[in-house]
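All chains are named by letter (A, B, ...) in the order of the sequence lines, taking the proteins before the strands, and each is independently numbered beginning at 1. Note: hydrogens, waters and symmetry copies are ignored here, and every other heavy atom, side chains too, is used.
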2 protein chains.
Amino acid sequence: MGLRGSLQEIVEKVGGGVGALIMGYDGIPIEEYIQETVFDVQLLAVEYVNVMKEVKRSISVLKTGELEEILISTEQSRIIIRSICDDFFIILMLNGDGNYGKGRFLLKREIPGLREELV
Amino acid sequence: MGLRGSLQEIVEKVGGGVGALIMGYDGIPIEEYIQETVFDVQLLAVEYVNVMKEVKRSISVLKTGELEEILISTEQSRIIIRSICDDFFIILMLNGDGNYGKGRFLLKREIPGLREELV
């Protein structure tokens with residue numbers, strides 16, 4: 001179904017889905033599916049690349065194994081970020097009432113398929 | 001029961017608890033309770049201050065409301081970070097099998113008490 005189809009399925013199934021992006025650690029967006037334009041997606045992409053770089057750096061200093069997942073919740077949003085491989089990661093954006101557990105489950109389940117399409 | 005007592009209770013109750021720290025955004029640790037010394041706690045504190053600063057900065061750019069919680073999971077660790085107030089945050093460290101849900105619940109429940117002691 002392709003990368004965009006996979007992103008669309010995740011966003012539509014998750015409950016409270018706003019959008020999903022596949023990003024490179026170099027800051028280049030690979031694919032995106034945005035259902036509601038409540039955030040500035042380009043800005044979000046750039047910001048979360050910086051967060052991911054900082055977290056990856058911290059984890060390599062702390063030597064606690066490979067990064068698997070980051071969840072960030074604010075008053076109005078929930079973000080789930082998961083590594084696809086060394087070069088790419090996926091960002092799933094939910095609204096403040098979004099289903100965190102289902103989001104985590106869907107990303108985990110879809111990662112092997114995304115990895116196959118990307119690598 | 002004091003800050004250290006609160007931290008101890010969280011770490012002992014959570015299931016898979018390694019330790020908990022209260023940190024200032026200026027990088028100064030306020031209080032800690034470490035059950036297992038599997039991480040270099042000082043190093044971890046410094047690293048996660050940088051992560052928190054980067055996340056806070058991103059969130060203020062994206063305007064999605066105040067930061068509530070960050071969860072970071074790696075192969076061997078699970079970290080839950082929650083804002084206490086504008087100046088302080090708490091870091092709860094679990095091992096790879098730690099109970100994420102219970103950790104989130106305990107932090108959320110204890111924050112008002114911690115805030116009262118700190119502010």
Side-chain angles (χ1 to χ4, degrees), chain A residues 16 18-19 21 23 27 36-83 89 91 93-98 100-101 103-105 107-108 111, chain B residues 16 18-19 21 23 27 36-83 89 91 93-98 100-101 103-105 107-108 111:
Chain A
V18 172
L21 289 102
M23 294 282 304
E36 295 177 52
T37 52
V38 289
F39 308 119
D40 179 335
V41 175
Q42 294 309 317
L43 192 61
L44 184 134
V46 173
E47 289 300 329
Y48 280 101
V49 166
N50 291 334
V51 169
M52 279 298 273
K53 280 185 184 164
E54 189 60 41
V55 172
K56 272 202 117 174
R57 204 189 54 73
S58 293
I59 286 169
S60 71
V61 172
L62 296 167
K63 299 190 180 65
T64 51
E66 285 295 306
L67 177 62
E68 289 179 347
E69 188 186 58
I70 305 177
L71 296 93
I72 300 172
S73 63
T74 70
E75 287 169 321
Q76 294 146 39
S77 72
R78 295 176 153 195
I79 309 275
I80 308 174
I81 308 175
R82 205 172 167 96
S83 272
F89 61 94
I91 305 178
M93 293 163 278
L94 312 176
N95 61 36
D97 307 315
Y100 240 173
R104 292 180 63 204
F105 164 74
L107 287 198
K108 203 170 174 179
I111 289 290
Chain B
V18 172
L21 290 102
M23 294 283 304
E36 295 177 52
T37 52
V38 289
F39 308 120
D40 179 335
V41 175
Q42 295 309 318
L43 192 63
L44 184 134
V46 173
E47 289 300 326
Y48 281 102
V49 166
N50 291 333
V51 169
M52 279 299 272
K53 280 184 183 163
E54 188 60 42
V55 171
K56 271 203 118 174
R57 204 189 54 73
S58 293
I59 287 169
S60 72
V61 171
L62 296 167
K63 299 190 180 67
T64 52
E66 286 295 306
L67 177 63
E68 290 179 344
E69 188 186 57
I70 305 177
L71 296 93
I72 300 172
S73 64
T74 69
E75 288 169 320
Q76 293 145 39
S77 73
R78 295 177 152 195
I79 310 276
I80 308 175
I81 308 174
R82 206 173 166 95
S83 271
F89 61 94
I91 305 178
M93 293 162 278
L94 312 176
N95 61 36
D97 307 316
Y100 241 172
R104 293 180 62 206
F105 164 74
L107 287 198
K108 203 170 175 178
I111 289 290

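Ranked by non-hydrogen atom pairs under 4.5 Å with chain B, the options A/Ser73, A/Gly65, A/Gly96 are led by A/Ser73. Counting heavy-atom pairs closer than 4.5 Å to chain A, the top-ranked of the candidates B/Glu75, B/Arg57, B/Glu54 is B/Glu75. Of the listed residues (A/Ile81, A/Ile70, A/Val46), the greatest number of heavy-atom pairs within a distance under 4.5 Å of chain B belongs to A/Ile70.
Contact annotation: the side chain of B/Tyr100 approaches that of A/Arg104 to within less than 4.5 Å [non-hydrogen atoms, C-beta and beyond].
We find the CD1-CD1 distance between A/Ile72 and A/Ile80 to be 11.0 Å, quoted to the nearest 0.5 Å. For the atom pair CG of A/Leu67 and CZ of A/Arg82, the computed distance is 9.0 Å after rounding to the nearest 0.5 Å.
Between the side chain of B/Thr74 and the backbone N or O of A/Thr64 there is at least one donor-acceptor pair closer than 3.5 Å.
If you measure heavy-atom distances from B/Ile59 to chain A, the contacts under 4.5 Å come from the side chain alone.
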